[in-house]
Q: 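Pasting a structure below so you can have a look.
Every chain is numbered from 1, with letters handed out A, B, ... down the list of sequences.
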Number of protein chains: 2
Amino acid sequence: MKLSTRTRYGIRALLELAENTGDSPLQIKVIGKKQDISIKYLEQLMSILKGGGFVRSLCGSKGGYLLAKEAKDIKLIDVFNCLEGPFVTVECLADKSLCSRTSDCVTRKVWFKVQKAVNEVLESMSLQDLVEQAKEQRELNYQI
Amino acid sequence: MKLSTRTRYGIRALLELAENTGDSPLQIKVIGKKQDISIKYLEQLMSILKGGGFVRSLCGSKGGYLLAKEAKDIKLIDVFNCLEGPFVTVECLADKSLCSRTSDCVTRKVWFKVQKAVNEVLESMSLQDLVEQAKEQRELNYQI
DNA sequence: ATAATATACTACTAAAGTAGTAGGTTTAAT
DNA sequence: ATTAAACCTACTACTTTAGTAGTATATTAT
């Protein structure tokens, strides 16, 4: 059970945008180079993120991407849902009718707990939190 | 990000074994029928579980499977690890050398938190817990 | 002994998902 | 007009998943 590259790349790209203070947009190729992500692949991910309302784009020369809302308003759970689909450990959690033994299935309750634990972590974190952590980290590295 | 059938089927099969009090072993085809799992597929899963030391088998006529240890000593995290491989959100959590930016990667920390949350849930539950929950559930259903 | 019954083992497969690649089209600034 | 960017669609190699199939081996009952 592993995370796909979509969410990982996506969040790293968003982080780049969040750290790109100033008015001028950031280009996919700049992000891709800095984060070592295939440009063409990142293109697709950015398109998904745009659909999710996390970023906005400017076409043409001098174009690129910008965050569509403030970093503090971008929760990681929402980005995850957008790029990876909702984290459901088993289908019957989303749709009870899928399994006849649902009503007294104890394993279902296990997966529910797992799912809840994951969602709570991602629900509690915003892109802004990551920006701040990254800043702290850099200061720490500088001191050394 | 979804759970595979392996772990789900596996735990349900173990639950059947745990509830099969008495000395005689339980056959794969009995478990498969009761839990609606392909016999041939379950065969493979049981073989993996045997390798993991969770069950023991008796060959031949009147053979079948038994738990290899007490239900209270079978932690769900161990069953999960056995059937699904360890839950690692990203490879770099297991092997730092896989990525050069590991040292100050803030997204890595996110995935670590997620991974920890999942592991804690599964670490805290044993097969015995499920047996008891199932029993409670049945009593509850009976009252209605 | 042998028939019956169960696990054990190995190989194969259809379908879906992952992580891209490729190439052309549209949009906007200079 | 040219250029540089996003936008869009299709394709593909690879891996994983969830099985199926068939044979071999071990044990028990007769």
Side-chain angles (χ1 to χ4, degrees), chain A residues 1-10 12-13 16-17 20 23-33 35-52 54-68 80 83-91 98, chain B residues 1-10 12-13 17 20 23-33 35-52 54-68 80 83-91 98-99:
Chain A
M1 207 178 190
K2 244 181 57 187
L3 200 64
S4 77
T5 56
R6 280 196 296 279
T7 314
R8 299 195 285 126
Y9 291 176
R12 271 154 57 192
E16 286 292 331
L17 293 185
N20 177 47
D23 297 338
S24 54
L26 204 57
Q27 290 87 39
I28 284 181
K29 68 173 181 187
V30 175
I31 300 172
K33 240 176 217 172
Q35 289 287 338
D36 198 29
I37 301 168
S38 146
I39 309 293
K40 280 305 221 175
Y41 190 40
L42 188 54
E43 225 176 59
Q44 293 170 39
L45 303 185
M46 294 309 290
S47 167
I48 298 173
L49 286 172
K50 188 183 176 185
F54 301 101
V55 299
R56 63 198 170 87
S57 62
L58 295 171
C59 259
S61 181
K62 303 254 170 164
Y65 282 92
L66 294 160
L67 287 188
F80 184 96
L83 288 167
E84 193 113 0
F87 178 82
V88 256
T89 42
V90 290
E91 293 298 348
L98 285 172
Chain B
M1 207 178 190
K2 246 179 57 189
L3 200 64
S4 78
T5 55
R6 278 198 298 279
T7 312
R8 297 195 286 125
Y9 291 176
R12 271 155 56 191
L17 293 184
N20 176 47
D23 297 338
S24 55
L26 206 57
Q27 291 85 41
I28 284 180
K29 68 174 181 187
V30 175
I31 300 171
K33 238 175 218 173
Q35 288 287 338
D36 198 29
I37 301 168
S38 147
I39 308 294
K40 280 303 222 176
Y41 189 40
L42 187 54
E43 223 176 61
Q44 294 171 37
L45 303 186
M46 294 310 288
S47 169
I48 298 173
L49 286 172
K50 190 184 174 185
F54 301 101
V55 299
R56 61 198 171 88
S57 63
L58 295 172
C59 262
S61 180
K62 301 252 169 164
Y65 282 91
L66 294 161
L67 286 189
F80 184 97
L83 288 167
E84 193 114 0
F87 177 79
V88 258
T89 41
V90 289
E91 293 297 348
L98 285 172
C99 175

Q: I'd like a table of donor-acceptor pairs (distance under 3.5 Å, sequence neighbours excluded) in which one partner is a side-chain atom from residues 84-91 of chain A, with atom names and distances.
A:
unit_1	atom_1	unit_2	atom_2	d
A:Glu84	OE1	A:Ser4	OG	3.0
A:Glu84	OE1	A:Thr7	OG1	2.1
A:Glu84	OE2	A:Ser4	N	3.1
A:Glu84	OE2	A:Ser4	OG	3.4
A:Thr89	OG1	A:Trp111	O	3.0
A:Glu91	OE2	B:Lys2	NZ	3.3

Q: For B:Tyr41, check side-chain hydrogen bond (donor to acceptor under 3.5 Å, both in side chains) against everything at least two apart and list the hits.
A: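 Result, side-chain hydrogen bond (donor to acceptor under 3.5 Å, both in side chains) vs B:Tyr41: B:Thr5.
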Q: Does anything in residues 57-64 of chain A reach DNA chain C, meaning a heavy atom under 4.0 Å, and if so which residues?
A: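 Here the set is A:Cys59, A:Gly60, A:Ser61.
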Q: Please report, rounded to the nearest Å, how far the C1' atom of C:dA6 is from the NZ atom of B:Lys40.
A: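 It works out to 11 Å between those atoms.
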Q: With sequence neighbours excluded, what pairs up with B:Gln44 under the side-chain hydrogen bond (donor to acceptor under 3.5 Å, both in side chains) test?
A: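 Scan of B:Gln44 (side-chain hydrogen bond (donor to acceptor under 3.5 Å, both in side chains), adjacent residues dropped) gives none.
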Q: With sequence neighbours excluded, tell me which residues meet side-chain hydrogen bond (donor to acceptor under 3.5 Å, both in side chains) with A:Arg8.
A: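 Residues passing side-chain hydrogen bond (donor to acceptor under 3.5 Å, both in side chains) with A:Arg8: none at all.
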Q: When you look for runs of 3 or more Watson-Crick or G-U pairs in a row, both distances below 3.5 Å, which of them include DNA chain D?
A: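 When the pairs of DNA chain D are grouped into runs of at least three, the stems are C:1-30 with D:1-30.
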Q: Which is more 5' along DNA chain C, the nucleotide nearest A:Ile39 or the one nearest B:Ile28? Just name the residue.
A: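 Whichever sits nearer the 5' end wins; that is B:Ile28.
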Q: Starting at CD of A:Glu43 and ending at C1' of C:dG23, how long is that distance when rounded to a whole Å?
A: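 Whole-Å distance recorded here is 11 Å.
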Q: Need to verify one output field. Residue with the more 5' nearest nucleotide on DNA chain D, B:Lys2 or A:Gln27?
A: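 It is A:Gln27 whose nearest nucleotide is closer to the 5' end.
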Q: Do any N or O atoms of the protein come closer than 3.5 Å to N or O atoms of nucleotides 11-18 of chain C, and which pairs are they?
A:
unit_1	atom_1	unit_2	atom_2	d
C:dT18	OP2	A:Arg6	NH2	3.2

Q: So how far is it from A:Tyr9 OH to A:Leu45 CG, rounded to the nearest 0.5 Å?
A: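 A:Tyr9 atom OH to A:Leu45 atom CG measures 9.0 Å (nearest 0.5 Å).
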Q: Please report, rounded to the nearest Å, how far the P atom of C:dA6 is from the CZ atom of B:Arg56.
A: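 These atoms are roughly 18 Å apart.
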Q: Tell me: NZ of B:Lys29 to C1' of C:dT7, nearest whole Å?
A: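 So the NZ-C1' distance, B:Lys29 to C:dT7, works out to 12 Å.
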Q: Please give me the minimum heavy-atom distance between B:Leu42 and B:Ile28, naming the atom from each residue.
A: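 Of all heavy-atom pairs spanning B:Leu42 and B:Ile28, the closest is CD2-O, 3.8 Å.
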Q: At their closest point, which heavy atom of A:Ser57 faces which heavy atom of A:Tyr65, and how far apart are they?
A: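 Reported closest heavy-atom pair: CB-CE2, 3.5 Å.
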Q: Taking 5' to 3' order, which nucleotide of DNA chain D is first and which is last to have an atom within less than 4.0 Å of a heavy atom in chain A?
A: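 So the outermost contacting nucleotides come out as D:dA4 to D:dA10.
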Q: Under the side-chain contact (heavy atoms from CB on, under 4.5 Å) rule, collect the residues that match up with A:Lys33, sequence neighbours excluded.
A: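 Expected list: none.
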Q: Just the rounded figure in Å: distance from P of C:dG20 to CG of A:Leu45.
A: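 In whole Å, C:dG20 P lies 9 Å from A:Leu45 CG.
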Q: With the side chain counted from C-beta on, respond yes when B:Phe80 and B:Leu3 share a heavy-atom pair under 4.5 Å apart, and no when they do not.
A: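 The answer is yes; the side chains approach within 4.5 Å.
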Q: Taking only residues at least two apart or on different chains, which pairs with a member in residues 41-50 of chain A satisfy salt bridge (charged side-chain N to carboxylate O under 4.0 Å, His left out)?
A: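 Every salt bridge (charged side-chain N to carboxylate O under 4.0 Å, His left out) pair that includes a residue of residues 41-50 of chain A, provided the two are not neighbours, is A:Lys40-A:Glu43.
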Q: Minimum heavy-atom separation for A:Val55 to A:Met46, with atom names?
A: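 Looks like CG2-O, 3.9 Å.
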Q: With sequence neighbours left out, what residues match B:Leu58 under side-chain contact (heavy atoms from CB on, under 4.5 Å)?
A: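 Partners of B:Leu58 by the side-chain contact (heavy atoms from CB on, under 4.5 Å) criterion, ordered by chain and then number, come out as B:Pro25, B:Leu66.
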Q: Check A:Ile37 against A:Arg12 and note the closest heavy-atom contact, atom names and distance.
A: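 Heavy-atom minimum between the residues: CG1-NH2, 4.1 Å.
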